[in-house]
Every structure is written in C-alpha cells, then in structure tokens.
Participant: 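This is the structure I have questions about; it appears just below.
Chain letters run A, B, ... following the sequence lines, proteins first and then strands; every chain starts at 1. Values reported hereafter were calculated over all heavy atoms of this structure, with side chains retained and with hydrogens, waters and symmetry mates removed.
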There are 2 protein chains.
Amino acid sequence: MHMDLVAALDIGGTKIAGALVDDRGRILARAQQPTPAQEDGETVMGAVDAVLAELTVSELWPRTRAVGIGSAGPVDRSAGTVSPVNVPGWRDFPLVSRVREIAGGLPVELVGDGVAMTAAEHWQGAARGHDNALCMVVSTGVGGGLILGGQLHPGPTGNAGHIGHISVDLDGDPCPCGARGCVERIASGPNIARRALADGWRPGADGDASAAAVARAAHAGDPVAVASFERAAQALAAGIAATATLVEIDIAVIGGGVAKSGDVLFVPLRRALRDYATLSFVQRLTVAPASTGTDAGLVGAAAAALRSDSARGEVQRQAV
Amino acid sequence: MHMDLVAALDIGGTKIAGALVDDRGRILARAQQPTPAQEDGETVMGAVDAVLAELTVSELWPRTRAVGIGSAGPVDRSAGTVSPVNVPGWRDFPLVSRVREIAGGLPVELVGDGVAMTAAEHWQGAARGHDNALCMVVSTGVGGGLILGGQLHPGPTGNAGHIGHISVDLDGDPCPCGARGCVERIASGPNIARRALADGWRPGADGDASAAAVARAAHAGDPVAVASFERAAQALAAGIAATATLVEIDIAVIGGGVAKSGDVLFVPLRRALRDYATLSFVQRLTVAPASTGTDAGLVGAAAAALRSDSARGEVQRQAV
C-alpha cells in the first residue's frame, strides 16, 4: 500500500498554487493565492503561508511526507533560496527553511519551474518512458529541464536545462541576460511578435499583436508571420541540437503558449533540426508537444519531492 | 589490497596504444602500433590484435579484470561499435566483441576519445575534485566530455560532451558535419590558421602556417593573429557557457594543441566567458588548462573501465 502524500508548491510571478499529491500524481487537495509580486519579501511569503495553511488543515495533511517546490528562477537548490526575476522582494530568499518550518520539519525539495515541468512531463506526459529528454516551456520566456539516465537532472542549484539562455548566435542581438543571441531572444513569444512587427506584419482589427496573433496570421499564409516562426524554429532547433550533442537526449518536449501554435512552429522546427542535429548519435532525435496541462507545475514539484533522496528516505523511514 | 589491473586501449587515426593500468592510474605495461588508417577493417583490427597480444603475454595479464577502450568517434557504446571519421575501413565495426574475444571474455567498456580524456582529467588532472565539469580537446578538431554529479557521463552511445559540433552561430559558415557555425568550425587549430591567413597574416621564413605559428605571431603582438585567437576564444566561451547553462558545470578544462597557446587563448577566453555565462548559477565558472599529458587517452580508457558497473561487478566477483 502506498498511501503517502507529498505537498507541492508552484510559485510564479502571477500565482502561488499548492496541492497535496499522491504517489500516482493525483491532486487530492488544492489551494491558491495571487502572488503579490511587487510587494516586499515578507508579504510574498505571507501568500505562501496562506496556501500552506489551507493544506495543513486538510484531513490528508498527516499523510504528507515531503514538500516539493517548483519556483520561477533563478533558484539555488543547494542554498535553499530563490530570486525570481519577476518578484523583486525575493532575492536569495530562504524559501526552503521558511517552508520547512511551516510544514513541521518535513523534507523540502526545491527546483526551478523548468525542472518541475520536466519532472511532470517525464512522469505523466510526452517524455514518459524516455531516459534522456529535454523538456521546454516556450512562452514569455524560454525555460527547460533535463532527464538524464532516467533521472531528473536539476543540477546542484536546480537550474539545469536553462536552454533559453544559451547563445546560438554569438554576434546576435543583446539579450536582457547580458549575453547575445540567446534562444529566448529569438524564439520567445514577445520576440516572435516583435520580429513580425519589425518586418512589416500588422495586427488585425482586434489590435492583437501577440505571438498568438502572429501564429494565426502564419496559419493563414502571411509570409512575414511565417518567416518569424521559421526564425524562432531555427533558434530552437540549434538549441535542441546543441543539447542533444552535449548530453545525448532522444526527445525534446515543448510546452508553453508558443507551442500551441502547432504546425507553424513544429513543421519548420523538425526541418531545422535536420540541419543542426547532424552527428550520427543525434539523428534519431524527435520533437513532441508537451501533454501535461495547467497542473504541470504542481505535478512536477510533487515528482521532484518524490524523487529526491532525502524525501524518499524520510517517506521510507516514516512508513516503517 | 587492490591488486587488480585493467587493460586500456587508446585508438586514434595515427596510433593504437595499449597499456595495463593499476587502480591508481599507474601504467605498468605498454604496447603500440601505427594505425593502418587507410587499409581495410580487418587490417586495422590486426593492429589492435598486435597491441593486445603484447599485453596478454605480460606476466601481469592474469591480474587484468576489464578492458577500457577510448576511440576516435563517433562510437556507439550501446551497440559496441565504432566508426572513426579518419578510419574509413571501420564503419559500425564491432570492436567491443572483437576485443572481448581476444581478452578471454573480460568485460569491455567503450567510450569516445573526448570522454576518455575527461575521465583522465577527472581522475588525475585539472578536473579532480570537481563534481560537474566539461573537459575539452582543442586541436585539429574540438572534442570533449562531461562529469555530472561526480560521475563520468558518457551518454547512451558514449559520445556525450561533443561540444565541437554545437552551433554557436546559427547563420555561420557551413561545417563539414552538415550544420553551420559549430564551435569546431571557428575554434579548431586549422580554422584559427585559416582565418588568420584569410585576414592577411603571413607565415615567417620557415613557412609554418599552423595554429602554433599563429600563436607565436599573436604572442609577438601581430593584430591579425591576436584577432583570430580572440574569435576562437569567443566561440569556445559561447559553447562552454551553453554547457554550463544546460548542465551546471563549474569548471571547463581545455587540453589539446591549441590549449598550449597559453595566454593568447586563455586571456580572451576568460574575458568572453563573462559575456556569455551571465546567469547567477554559472557566474562562478572557471577555465583551466588540462594537466594530464600524452597518456591521457590510456589513463582515461582505464578510468572508464574501472568506473563502469559491469567491470566493477566483474572485478568484485573475481576478487572474492
């Protein structure tokens, strides 16, 4: 009988979601608060407290053995701190110790949100059954995570798989991160829209100038819109091929708003991948859309807690 | 008492070296043959036979428990085959089964030469004590390997860490691999020399137009030679930063002929690394020259054999 549960926290710039999750990934209880992202650090922590308070009063809480946190990055898993770009009140904020205190000393596992999404896709989504995978979120930004040798590879600080900020165009446009030609600088939703507008695409009567609107124009055959998605696909292909060449993945799973564009992204992406993934050991690399939904962050945070050695030890010890 | 030995084979386009190596990495017996690289596959295998024959008649051979092979790539560790670019007679050649047969059924571990060099640097060189490292060889080509979480990460086929063929310039010059703007296409010795010549540098009275000659000119202040090394350094920095951002390494170790250029490479490389390794979790990344010498291939092949689970199991079983 596996009746143990884990608590999961999905911390983003817009909302803080929490859940109690069983070892098959089913969500048995939920709580949510908006993120007071522009407030001071203690006010943001107050929202986390409120989410956890709802969970700890659940009749299921006594069965909870560990807490998994997936947070907007950067995070520092080894230090137990987070510094989310969009939450300025949290810089090196000791989230792990604060959560552990509220959770009565349970083990706490912290990973970046790209790593959490990857854990979810490997557990229940398109990366299931793949021992070596890259999972990505392509939306306002570009994030990701890695499965290597059948295991989540968060890296020492929990940020591994950060494909959005590898440079595929070393002389390219400056990226807000400080480098040039990063995958995100070319392939994120805002950059797809920016490039289409700069090249002469104009929004329709509704004034929608988002990447989703560019995707609709591309589906309708607008050549500038098509070209902007092709350029994004080329950058994604170069980044995915680089990852495969470095660590031997056999699938890249892509989620996030831009991935919902469908063929206008995936057709040129698969074509460009043949141009960049050339060595024999990466030629069988495939690309698939993500299949976990809006709960991916929670499910992934739960998966990270279930997989972590410390949590597993605790679950086993307490289960005896 | 650990008295067991492993046999190591270092297979390149020029020579095939073999050794018996103890568990502290000391070479106790050696053999070597030139590689008949342009001959048919069986003739090349004959040279391997000759090297192994010298080792198997050694009085130390009965203590040998496993064989490690580091080979010019691509290799396929899962299939046990090799297809070295510079040895056309070997395509999907079943090297592992052939060596196992000669070695009386001992377990055989196969990795690419970049992975072998990495194992050597982690065991005895500049990557010692680092749990997450990229080791590279920058010479005629650019190869590499990874240490992740304290362990060699060969990848399923034994080719992981192949940094020479990640694209850092997606619109760049075509690379012989089929992609564009690969690190090797910009940073290898022949490409450093080619670019210097194209930009107006001329060899001295000795007619030496190698990267080593360009390095000497750069040390003497020749601006075209300096610029060619700076461009190579920029490409290496972009590739190293990409690797760190993807898998969280904290050191990049660089060996090979081009690394012997010293400051004309390492000073601009360290500068460029600050431009490309921008995220908080990669800012402490350092770069160091390799410290293992000409035996790195043999020592690394031995390390791969000692580390492999199958070999370890065999050693333990036979040691009982």
Participant: Measuring from atom CD of Gln234(B) to atom CG of Asp171(A), what distance do you get when rounded to the nearest 0.5 angstrom?
Facilitator: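 Interatomic distance, Gln234(B) CD to Asp171(A) CG, rounded to 0.5 Å: 5.5 Å.
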Participant: Could you tell me the separation between the SG atom of Cys177(B) and the OH atom of Tyr276(A), rounded to the nearest 0.5 Å?
Facilitator: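 One finds 10.5 Å between SG of Cys177(B) and OH of Tyr276(A).
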Participant: To the nearest 0.5 Å, tell me how far Ser280(A) OG sits from Asp76(B) CG.
Facilitator: 7.5 Å
Participant: Which of the residues Ala160(B), Gly178(B), Gly172(B) is involved in the greatest number of heavy-atom pairs with chain A at under 4.5 angstrom?
Facilitator: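 Ranked by contacts with chain A, first place is Ala160(B).
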Participant: Is it the side chain or the backbone of Arg231(A) that comes within 4.5 Å of chain B heavy atoms, both, or neither?
Facilitator: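 Just its side chain gets close to chain B.
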Participant: Taking side chain as everything from C-beta outward and backbone as N, CA, C, O, which of these in Thr157(A) sits under 4.5 Å from a heavy atom of chain B? Side chain, backbone, both or neither.
Facilitator: both
Participant: For chain A, find its close neighbours in residues 237-247 of chain B: heavy-atom separation under 4.5 Å, sorted by number, or none.
Facilitator: Ala238(B), Ala242(B), Thr243(B), Thr245(B), Leu246(B), Val247(B)
Participant: As an exercise, state the distance from CZ of Phe281(A) to NE2 of His165(B), rounded to the nearest 0.5 Å.
Facilitator: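 These two atoms lie 9.0 Å from each other.
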Participant: Name the option with the most non-hydrogen atom pairs under 4.5 Å to chain B; the candidates are Val168(A), Ile166(A), Val183(A).
Facilitator: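 The answer is Val168(A).
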Participant: Given the rule in the side chain to side chain contact (heavy atoms under 4.5 Å, CB included) test, do His162(A) and Val282(B) qualify, once you have shown the distances and angles that lead to the verdict?
Facilitator: CA-CA 11 Å; His162(A) 223 103; Val282(B) 296; over 6 Å; no
Participant: Of the backbone (N, CA, C, O) and the side chain (C-beta and beyond), which part of Leu170(B) lies under 4.5 Å from a heavy atom of chain A, both, or neither?
Facilitator: both
Participant: Only pairs under 3.5 Å count here: list side-chain donor-acceptor contacts from residues 128-148 of chain A, not counting sequence neighbours, and write none if there are none.
Facilitator:
residue	atom	partner	partner atom	Å
His130(A)	ND1	Asp250(A)	OD1	2.9
Asn132(A)	OD1	Gly149(A)	N	2.9

